[in-house]
Number of protein chains: 2
Amino acid sequence: MELIMVFKALSNETRINILIWLKQPRLHFPAEELQDYDANLGVCVSDITKKAGLSPSTTSDYLSLLQKCGLIEATRVGQWTYYKRNEGAIKTLNKLIQKAF
Amino acid sequence: MELIMVFKALSNETRINILIWLKQPRLHFPAEELQDYDANLGVCVSDITKKAGLSPSTTSDYLSLLQKCGLIEATRVGQWTYYKRNEGAIKTLNKLIQKAF
DNA sequence: CTTTAATTTCGGAATTTCCCGAAATACCGA
DNA sequence: TCGGTATTTCGGGAAATTCCGAAATTAAAG
């Protein structure tokens with residue numbers, strides 16, 4: 001968990017929002033898109049793409065950046081990739097920030 | 001307190017370090033440079049410049065960026081500008097991060 | 001096997017950030 | 001007022017980031 005990488009990841013409005021959306025998917029995504037959220041898989045890339053209003057490639061880039069620094073995790077199921085928050089890592093991050101600053 | 005501005009400010013190694021150095025100046029700056037730290041003024045730009053190993057102009061830029069997003073505050077005394085942490089703002093930031101993520 | 005949908009990878013133009021040196025400004029002391 | 005030190009402002013080249021579209025990849029479905 002590189003503190004500086006995390007801050008770079010979070011210094012972009014869309015990426016911050018993705019993390020917030022994934023905290024409460026039910027609040028931020030249409031119900032019919034959330035069948036797999038209930039299975040604890042997360043939300044798939046195309047749903048996040050729609051919500052973000054960016055191109056699929058950019059959204060995919062952002063998601064893998066967030067994943068690289070540990071904030072979210074991916075599960076591939078068939079042709080879909082589901083992303084959800086890594087709550088453990090986020091808790092660790094909060095503690096790290098508390099300690100460092 | 002713009003969360004995104006704060007993250008941009010913190011996505012640079014030197015600026016992170018400045019915040020950490022200012023948390024415990026006695027630990028990070030030579031004793032003879034700290035007369036004014038005891039007066040609760042903070043640490044002056046040239047001391048921070050030496051420690052950072054960057055040019056005075058860059059250091060000055062960084063300090064005013066950190067100030068703009070509220071993380072530190074400046075006191076001008078004669079020809080010196082002293083910077084110290086804004087502990088209140090940093091506490092607020094921690095809470096904000098806790099709440100948002 | 002072919003088509004179609006979901007996602008990722010890659011190349012690149014536009015924009016922003018990094019960090020410097022030169023110049024300007026602020027302030028003090030002689 | 002003049003010279004010297006501390007700091008800030010400004011212009012800009014180099015490097016990184018933003019975000020796209022095209023192409024490649026993966027996988028389901030017909």
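Throughout, a chain's letter reflects where its sequence line sits, starting with A, and its residues are numbered from 1. All values below come from the heavy atoms of this structure, side chains included, with hydrogens, waters and symmetry mates left out.
Which of C/dT8, D/dC20, D/dT7 sits closest to the side chain of A/Pro56 comes down to C/dT8. In this structure, of D/dC10, C/dA6, D/dG4, it is D/dC10 that holds the atom nearest to the side chain of B/Asp61. Among the nucleotides D/dT17, C/dT7, D/dC19, the one closest to any side-chain atom of A/Cys44 is C/dT7. For A/Tyr62, whose side chain is taken as the heavy atoms from C-beta onward, the closest listed nucleotide among D/dC19, D/dT5, D/dA28 is D/dC19.
For B/Leu10 and C/dT17, the CG to P distance is 14 Å, given to the nearest whole Å. Atom pair A/Asp36:CG and C/dT7:P shows a separation of 11 Å (rounding to whole Å applied). B/Leu66 places its CG atom 12 Å from the P atom of D/dT8, with the value rounded to the nearest Å. The distance between atom CD1 of B/Ile48 and atom P of D/dA6, rounded to the nearest whole Å, is 14 Å. The CG atom of B/Asn17 sits 14 Å away from the P atom of C/dC18 (whole-angstrom rounding). A straight line from CG of A/Leu65 to C1' of C/dC10 spans 17 Å, rounded to a whole angstrom. If you measure from atom CG of B/Leu54 to atom C1' of C/dG21, you get 14 Å, rounded to the nearest angstrom. To the nearest angstrom, P of D/dT8 lies 11 Å from NZ of B/Lys68.
Phosphate proximity of D/dC20 to A/Thr58: present, with a side-chain N or O under 4.0 Å from OP1 or OP2. For A/Thr81 and C/dT8, the shortest distance from a side-chain N or O to OP1 or OP2 is below 4.0 Å. Phosphate contact (OP1/OP2 of C/dA6, side-chain N/O of A/Ser60, threshold under 4.0 Å): absent. Contact annotation: B/Arg76 side-chain N/O to D/dA6 OP1/OP2 distance is not under 4.0 Å. Side-chain nitrogen and oxygen atoms of A/Tyr83 include at least one within less than 4.0 Å of the OP1 or OP2 phosphate oxygen of C/dT8.
Residues A/Leu41 and A/Val77 form a side-chain contact, since some pair of their non-hydrogen atoms from C-beta on lies under 4.5 Å apart. In this structure the side chain of A/Leu71 reaches within 4.5 angstrom of the side chain of A/Leu10, judged on heavy atoms. At least one side-chain heavy atom of A/Arg85 sits under 4.5 Å from a side-chain heavy atom of A/Glu87.
For the pair A/Ile72 and A/Leu63, the tightest heavy-atom approach, listed with the atom from each and the gap, is CD1-O, 3.4 Å.
Residue B/Ser46 is classed as a sugar-phosphate contact, given heavy-atom separations below 4.0 Å to backbone atoms only. A/Ser57 comes within 4.0 angstrom of a nucleotide base, judged by non-hydrogen atoms across all strands. Note on A/Asn12: only backbone sugar-phosphate atoms sit closer than 4.0 angstrom, heavy atoms only; bases stay farther off.
Residue-to-nucleotide proximity on DNA chain D shows that, of B/Gln79 and A/Thr59, the 5′-proximal contact is made by B/Gln79.
Other residues, nucleotides and ligands contribute only 12 or fewer heavy atoms inside 6.0 Å of the CD atom of A/Glu2.
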| field | side-chain contact (heavy atoms from CB on, under 4.5 Å) between A/Phe101 and B/Ile20, worked out | value | CA-CA 6 Å; A/Phe101 302 109; B/Ile20 293 173; 4.2 Å; yes

